[in-house]
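I have placed the structure first, in the form of structure tokens, so that the comments after it can refer back to it.
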Amino acid sequence: MIVAIDGPAGSGKTTVAEQLAKRLGFSFLDTGATYRVLTYSALESGINLESEEELTSLAKGLDLKIDNNKVYLKDTDISKEIRKPRIDKNISKIVGFNKVRKVMNQLQRKEAGGKNYVVEGRDITTVVFPDAEFKFYLDANQKIRVKRRVQQLLKEGEAVNQQEVADDLIKRDRADKNRKIGSLRLTEDTRYIDTTNLLIPEVVEKLFAIVREK
Ligand code: DC
């Protein structure tokens, strides 16, 4: 069974998905992490970030392993590196290429398809698993989403410029919502949940109750 969760950066979906998966006894897939690994790999290998062809072949050969909230590239744990601001700054361009997305969609379906998984991202309810048994869209107002991202970076020991974080988030929102393929959008068959005034455990509880009820 697949529980699909989409939403913008800072909506709390990664933490919620991880905790919900634990509650349900499911595995958890953060598809944003798969794009982050690709971006990290592209930056490290020095390939042309403007080239859809080069990025697509990099995606095809990506030696990526995901184990819940840990990600490995060629067996090296890069879970921390993929959360750095340099990834945030470069990722939007890369995830905008259709051929790259197709390869990544396949990788995500292969990882979670046919198993019990909570999968979160931007196009999970619409493109990757449109027929998921449960589909949620988590949202929150922009101010609180910036605040959450700042807190997350501080927790990871990063030097934080609040304005820069806000600018990056707004830029990524715009790119995510306006992509031709795989854009972030709410469909009629997906349940919308505003997390602005909710704590993480409250959101987890809400989703858990809906899944359990069925
Ligand atoms: O969820 P996140 O912030 O870690 O995602 C990083 C970037 O990857 C984000 O800017 C949008 C992109 N992304 C995507 O295009 N499709 C997904 N399914 C997940 C993430």
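Each ligand, and each atom within it, is numbered from 1 in the order the structure gives. In this chain, residues are counted from 1 in sequence order.
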* Asked: Is K93 salt-bridged to E50, cutoff N-O under 4.0 Å?
  -> yes
* To do: Heavy atoms only: give me the nearest T190-F136 pair and the separation to one decimal.
  => CG2-C, 3.5 Å
* Asked: Which parts of the protein, at residue level, reach under 4.0 Å of ligand 1 through a heavy atom?
  -> K13, T31, G32, Y35, R36, R83, I91, V95, R101, G121, R122, D123, I124, R172, D176, R179
* For Y35, what residues pass the ring-ring contact (aromatic ring centres under 6.0 Å, His included) criterion, not counting sequence neighbours? -> none
* Check each of E164, Q142, R174 against L169 using the side chain to side chain contact (heavy atoms under 4.5 Å, CB included) test, and report the only one that passes. => Q142
Taking distance alone, no hydrogens or angles, what donor-acceptor pairs closer than 3.5 Å link side-chain atoms of residues 193-204 to residues at least two apart or in another chain?
{"unit_1": "D194", "atom_1": "OD1", "unit_2": "T196", "atom_2": "N", "d": "2.9"}
{"unit_1": "D194", "atom_1": "OD1", "unit_2": "T196", "atom_2": "OG1", "d": "2.6"}
{"unit_1": "T195", "atom_1": "OG1", "unit_2": "S11", "atom_2": "O", "d": "3.1"}
{"unit_1": "T195", "atom_1": "OG1", "unit_2": "D139", "atom_2": "O", "d": "3.0"}
{"unit_1": "T195", "atom_1": "OG1", "unit_2": "R148", "atom_2": "NH1", "d": "3.1"}
{"unit_1": "T195", "atom_1": "OG1", "unit_2": "R148", "atom_2": "NH2", "d": "3.4"}
{"unit_1": "T196", "atom_1": "OG1", "unit_2": "N141", "atom_2": "N", "d": "2.9"}
{"unit_1": "E202", "atom_1": "OE1", "unit_2": "L199", "atom_2": "N", "d": "2.7"}

* Structure fact -> Residue pairs passing the ring-ring contact (aromatic ring centres under 6.0 Å, His included) test with at least one member in residues 177-211, sequence neighbours excluded, are Y137-Y192
